Asks: 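Submitted below is the structure of interest, expressed as structure tokens.
The first residue in the sequence is number 1, and the count goes up from there. Order of appearance sets the numbers: ligands from 1, and atoms from 1 within every ligand. What you see is a predicted model, and the numbers here were worked out from it, not measured in a lab.
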Amino acid sequence: MLYAILFAVLSFVVFSVVYITLASDLRLRMDVSLTDEIKEFEALYKTKGVAGLKDEFRREAKSQGVNRVFFRLLSPRLGVIASSDTRSWGKTGLRQSILGSLKDNNELFMTIPHENHHYKVRIVCKRTHDNNILQIGHTLRDNVEIMESYREIFGTAMLTTLIFSILIGWFVARHGMKGVERVRETALRIGRGNLDYRVPLGGEGTEINNLASAFNNMLERIQTLIKEMREVTDNIAHDLRSPVTRIRGMAETTLLASQDINEFREMASIVVEESDRLVSMINTILEISKANSGLNDSPKERADIKKVVEDAYELFLALAEDKGIGIKLQLPEDSLYVLCNVSDIQRVVANLMDNAIKFTPEGGQVSISVGTDSDNAVIRITDSGIGIPKEDLPHIFERFYRGEKSRTTPGTGLGLSLAKAIINAYKGEITVESTPGKGSTFTVLIPI
Ligand code: ADP
């Protein structure tokens, strides 16, 4: 509608400009031809006198139409000396007011109403050499008719175009809106709880299709996120329930069967231990979520990776020796700085070392090295342990995932997913290569 109104207003402006120009152009043409004509009569009057003029008046009026033109030769007081057939014109053009304006030798133009007709008349008067007055009157009927038919043609054309443009505009808008309507319907359905709906991609033009496919992509992402969230909550519920059930069972048994204070003491210490495990698990889950959502905005510092790894090595040395595992350290000569939160990197390294020692049997070997490639600090932890089966490899970085063979070893299945979440937050990379029965190598890249 807005475009139709704009179109109508603009068309009206164009119409008016053309109308005014056309009207003044027609008048100008008429005045030019009247001037030419009156000059011819003047010359004729000079050479052939009243008689010659009279003949010419008659002939000319006949050829142009006595109802369209009249010619007069008037005395200075407006008495008619000679004229064409002026029966249909009456006294049109014979008013005294003409004399007042007709002072010099120039043509005097005026437009006056016709006495008997509906159309106005354009009149030109001019003094002759002997002080008489030559007068020509021409009806404006032709001009008015041209303007009328112009108005008619333009009006019809504009009305038709306006109707068509409204119809076409309505059609195009409806067609375009259909796509938006589809997106809206899908959004409404999803709002009612079913995330499986997608906007069907139609043929309404690329913009709507782009919108629809962006909308679908967003839905896909939301659905994946919700699915992951459900899995995580399921896992959490499951993994937290077991220790709580264990604690409860133990307390119950002790309560029912035991009289001995020492057994209560033992029960209490197990409860403390299990509760600590629970709390640490919950903390790890929180940390993973925090690292994943990128909200880990604790201040970063210039940390020496070489030092972090060296410290971890010293920390795990005793544990490895206890288990009869050889541990080898390979460090660069110079310090290697990256911008990070030291405790984050410490956790990653500690988790990987812990796993390496945990999954390596007695007499095995663990080695840890620090190096660089073009953009990253590279930490590599290799063990000669049990290795990871091919089918487990894609899952070990998932929350709560524990390999089939490692169920007997203590653990939560959260260590690697925390490590990955942290390294991802630093825009780094963590990868694994492993041969079952021979050992595994975890490689961590952190941008320098
Ligand atoms: P957790 O060690 O508590 O089980 P992680 O997330 O640290 O949990 O590791 C997930 C799983 O990946 C482990 O249960 C184990 O199956 C496998 N895994 C991790 N590190 C090693 C390793 N060095 N050697 C063999 N298997 C490993």
Asks: I'd like to know if Asp31 and Arg27 make a salt bridge, using a cut-off of under 4.0 Å between side-chain N and carboxylate O.
Replies: no
Asks: Between Arg141 and Glu145, does any NZ, NE, NH1 or NH2 come within less than 4.0 Å of an OD or OE carboxylate oxygen?
Replies: yes
Asks: Among all protein heavy atoms, pick out the one at the shortest distance from atom 21 (C) of ligand 1; state its residue, atom name and that distance to 0.1 Å.
Replies: Phe359 CD1, 3.4 Å
Asks: Tell me whether the centres of the aromatic rings in His114 and Tyr119 are closer together than 6.0 Å.
Replies: no
Asks: Assess, by modelled atom type and distance only, whether the side chains of Asp354 and Asn351 contain a donor and an acceptor separated by less than 3.5 Å.
Replies: no
Asks: What protein heavy atom sits nearest atom 14 (O) of ligand 1, and how far off is it?
Replies: Ser406 OG, 3.0 Å
Asks: Does the distance from a Lys or Arg side-chain N to an Asp or Glu carboxylate O, for Arg29 and Asp25, drop under 4.0 Å?
Replies: yes
Asks: If the threshold is 4.0 Å, N to carboxylate O, is there a salt bridge linking Arg246 and Glu274?
Replies: yes
Asks: So is Phe442 in contact with ligand 1, going by heavy-atom distances below 4.0 Å?
Replies: yes
Asks: Considering only protein heavy atoms, which is closest to atom 7 (O) of ligand 1, and at what distance to one decimal place?
Replies: Asn355 ND2, 2.8 Å
Asks: Answer yes or no: does an N/O atom from Gly403 fall short of 3.5 Å to an N/O atom of ligand 1?
Replies: yes
Asks: Looking only at protein heavy atoms, which one is nearest to atom 4 (O) of ligand 1, and what is the separation?
Replies: Arg402 NE, 2.9 Å
Asks: I'd like to know whether ligand 1 has Gly385 as a neighbour, heavy-atom separation below 4.0 Å.
Replies: no
Asks: Whether Asp334 and Lys306 form a salt bridge (side-chain N of Lys/Arg under 4.0 Å from carboxylate O of Asp/Glu) is what I want to check.
Replies: no
Asks: Just jot down the ligand 1 atoms closer than 4.0 angstrom to any heavy atom of Tyr401, in number order.
Replies: 10 (C), 11 (C)
Asks: Enumerate the atoms of ligand 1 whose separation from the nearest heavy atom of Leu414 is less than 4.0 angstrom.
Replies: 6 (O), 8 (O)
Asks: Which residue and atom name correspond to the protein heavy atom nearest atom 26 (N) of ligand 1, and how close is it?
Replies: Ile388 CG1, 3.2 Å
Asks: How far is atom 12 (O) of ligand 1 from its nearest protein heavy atom, and which residue and atom is that?
Replies: Ile396 CG2, 3.3 Å
Asks: Do Phe15 and Tyr150 have ring centroids that are under 6.0 Å from one another?
Replies: yes
Asks: How far is atom 5 (P) of ligand 1 from the closest protein heavy atom, and which atom is that?
Replies: Leu416 N, 3.6 Å
Asks: Minimum heavy-atom separation for Leu418 and Thr284, please, with both atom names.
Replies: CD2-CG2, 3.9 Å
Asks: Distance under 4.0 Å to a non-hydrogen atom of Gly413: what atoms of ligand 1 satisfy this?
Replies: 1 (P), 3 (O), 4 (O), 6 (O), 8 (O)
Asks: What protein heavy atom sits nearest atom 23 (N) of ligand 1, and how far away is it?
Replies: Asp383 OD2, 2.9 Å
Asks: Could you list the atoms of ligand 1 found under 4.0 angstrom from a heavy atom of Lys358?
Replies: 1 (P), 2 (O), 3 (O)
Asks: Quick check against the 3.5 Å criterion: does Asp304 have a side-chain atom that pairs as donor or acceptor with the backbone of Ser335?
Replies: no
